[in-house]
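Counting from 1, the numbers follow the sequence of the chain as shown. Side chains included, hydrogens not; waters and symmetry mates left out as well; all remaining heavy atoms used.
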Amino acid sequence: MPETTAPQIHAVHSADHDAIAQLPWHLPLGDWPHDFLGGLPRGISRHVVRFVEIGEEVLAIKETDDRRALREFDILGVLGNLAVPTVEPRAYVTNRSTTSAKELPGALLTAYLDFSLPYRALFSRSLAEDTTGRLVDALAVLLARLHLVGFYWGDVSLSNTLFRRDADAYAAYVVDAETGELHDQLSDGQRQMDLRIAKTNIAGDFLDLQAAGLIDPEVDPLAAGERLLEAYNGLWAELTRVEEFSVNERWRIDERIRRLNDLGFDLGELTVTTDLDGVSLLVEPKVVEPNHHSRRLLRLTGIGANENQARTMLNDLDSHRSAPGFTGGAHGSGELPVELGEEEAARHWLNEVYKPLIAAIPENLTHKLEPGQIFYEFIEHRRVMSRARQRDIPTMEAIAYFIVDYLSNLPDEALYVDSQKF
């Protein structure tokens, strides 16, 4: 009888190793017993993908050959270190075989991204207008971020991406990087190749949605690819273009920085060169880093949120900072002087608005949305209420109506379970 060998498990955390080792690695992933599997929605994939619960966590397992499992594990780790939105690699498994010593493919294990959905699951639900455009715009931002750090994806598509709500937009995350390549810097040719692949694949994604009856047959799949190119090219130009100003137009440099901040990016370095006769300035942005608003919110409040959610919170914080007082809070409504610094104003805002909202959410509703999205939806709900009633709505009154009239009617998104196979 052929001699079998134990699979080799390479885990990031030693605590995961023993639990992962208990999984039935001697069986092809498609044959695993249902006891091990979670009913989470899966995107279209060339590989077998399954979800398993390890303790209190859900891991995604993708079956692939040993070499590709190791390579993708390493790439995802590097992208994570570069602060690019990706799924988190947890382990890879090699040297698999059946009990009869037949070789089996390796496997890559990644952490399930809470509150995320593949694009097909999004289109299977009741969605706001222009979901197509918002998903494509999110993918354009993700692709620009990848290109900034020198990553050539090679298989850009909605299928290889996960999406999370980010205020009235979506945030996109890399979920499949096996075709990718990391370079010090991408050439224009490499970027254009990625864009051509993206345009073709996105058209295919939307044709697939039409075939499944998930979008209107009159939607033009090619238009989605064109929108991606337009969004990406506009963003890339704003992030990287060199501009020439008159020496008397230094204020335009400040405007350029503000535009980048509005897009969610910071400037790590700005090169300004004056020409020989001192007439003009040449401005070239260097090291461009993302998540401007998220980092400011985290610094001021300790709250982690997606970029547009953070922008909403900061706008609300800033409006309270400039207001004569709060309109009713859990800890009183004493006046908030305009001259308060932003750190002290942030503490007041946390105690008067954010913490009362989060504390008021019943436990059975905490999985409806992530906290950052809950706050955004609350602000929008309060704004609509105020407009309808033609008055400001005190915080605790607005919270009560928000929970009963809006939040309780939403589906859970923390761990979206569905028996349909995507």
Side-chain angles (χ1 to χ4, degrees), residues 12 62 64 67-90 92 108 110-111 113 136-163 170-202 225 228-243 256-257 259-261 263-271 282-295 306-307:
V12 173
K62 179 173 76 172
T64 184
R67 180 182 59 81
R68 289 179 183 270
L70 168 58
R71 183 175 181 277
E72 188 170 6
F73 177 87
D74 288 340
I75 287 176
L76 289 174
V78 173
L79 291 178
N81 290 336
L82 292 171
V84 173
T86 66
V87 292
E88 181 183 348
R90 286 302 179 84
Y92 66 96
L108 172 70
T110 56
L113 185 63
V136 170
D137 289 346
L139 184 57
V141 173
L142 175 62
L143 189 55
R145 292 180 65 171
L146 289 168
H147 288 175
L148 284 171
V149 301
F151 182 73
Y152 169 77
W153 199 341
D155 195 14
V156 188
S157 71
L158 297 174
S159 299
N160 290 335
T161 312
L162 286 174
F163 296 91
Y170 287 95
Y173 293 74
V174 176
V175 71
D176 191 321
E178 71 172 37
T179 59
E181 301 172 1
L182 279 162
H183 302 269
D184 291 336
Q185 184 176 347
L186 293 186
S187 67
D188 287 343
Q190 288 170 314
R191 291 193 306 104
Q192 292 306 316
M193 178 60 75
D194 245 359
L195 289 172
R196 285 195 292 272
I197 292 170
K199 183 178 178 180
T200 300
N201 285 349
I202 288 173
L228 175 83
L229 297 185
E230 182 179 347
Y232 172 92
N233 288 329
L235 177 60
W236 188 259
E238 191 65 67
L239 294 174
T240 62
R241 75 171 180 268
V242 177
E243 288 187 286
R256 175 75 183 278
I257 294 172
R259 288 198 304 273
L260 288 168
N261 289 166
L263 291 169
F265 290 83
D266 266 343
L267 287 183
E269 180 184 345
L270 189 68
T271 299
L282 207 61
V283 177
E284 180 180 4
K286 297 289 184 183
V287 190
V288 184
E289 299 187 4
N291 293 335
H292 169 77
H293 300 98
S294 294
R295 290 200 303 278
N306 291 328
E307 184 65 11

Side-chain contact test, heavy atoms from C-beta onward, threshold under 4.5 Å: evaluate it for [X] versus [Y] and give yes or no.
X      : Y      : value
Val175 : Thr110 : no
Ile197 : Tyr152 : yes
Ile75  : Glu178 : no
Trp153 : Thr179 : yes
Val78  : Val84  : no
Tyr173 : Thr86  : no

Shortest non-hydrogen contact between [X] and [Y], atoms and distance:
X      : Y      : answer
Leu235 : Ala140 : CD2-O, 4.3 Å
Leu186 : Gln190 : CA-OE1, 3.3 Å
Pro85  : Ala172 : CB-O, 3.5 Å
Asn201 : Val156 : ND2-O, 2.9 Å
Ala177 : Phe151 : CB-CZ, 4.1 Å
Ala69  : Leu108 : O-CD1, 3.9 Å

Can you list the steps and then say if Asn233 with Leu195 is a side chain to side chain contact (heavy atoms under 4.5 Å, CB included)? CA-CA 10 Å; Asn233 288 329; Leu195 289 172; 4.0 Å; yes
So, are Arg191 and Asp194 salt-bridged, with charged N and O less than 4.0 Å apart?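 A salt bridge is absent here (no side-chain N lies under 4.0 Å from a carboxylate O).
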[atom1]/[X] to [atom2]/[Y] distance, rounded to the nearest 0.5 angstrom?
X      : Y      : atom1 : atom2 : result
Phe163 : Leu142 : CZ    : CG    : 8.0 Å
Leu162 : Leu113 : CG    : CG    : 6.0 Å
Leu76  : Asn81  : CG    : CG    : 11.0 Å
Gln185 : His183 : CD    : NE2   : 11.5 Å
Asp137 : Glu230 : CG    : CD    : 9.0 Å

Decide side chain to side chain contact (heavy atoms under 4.5 Å, CB included) for Lys62 and Asp176; before the verdict, give the C-alpha distance in whole Å, the side-chain angles of both, and the deciding distance to 0.1 Å. CA-CA 10 Å; Lys62 179 173 76 172; Asp176 191 321; 3.5 Å; yes
Is there a donor-acceptor pair under 3.5 Å between the side chain of Asn306 and the backbone N or O of Ala171? no
Member of Asp74, Val87, Leu146 meeting the side chain to side chain contact (heavy atoms under 4.5 Å, CB included) criterion with Leu79: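 Between Leu79 and the candidates, side chain to side chain contact (heavy atoms under 4.5 Å, CB included) is satisfied uniquely by Leu146.
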Would the number of heavy atoms belonging to other residues, nucleotides or ligands and lying under 6.0 Å from CD of Glu181 be above 12? yes
Once you measure the plane-to-plane angle for Tyr232 and Trp236, does it fall in the parallel (<30°), tilted (30-60°) or perpendicular (>60°) bin?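 Rings of Tyr232 and Trp236: parallel, as their planes differ by under 30°.
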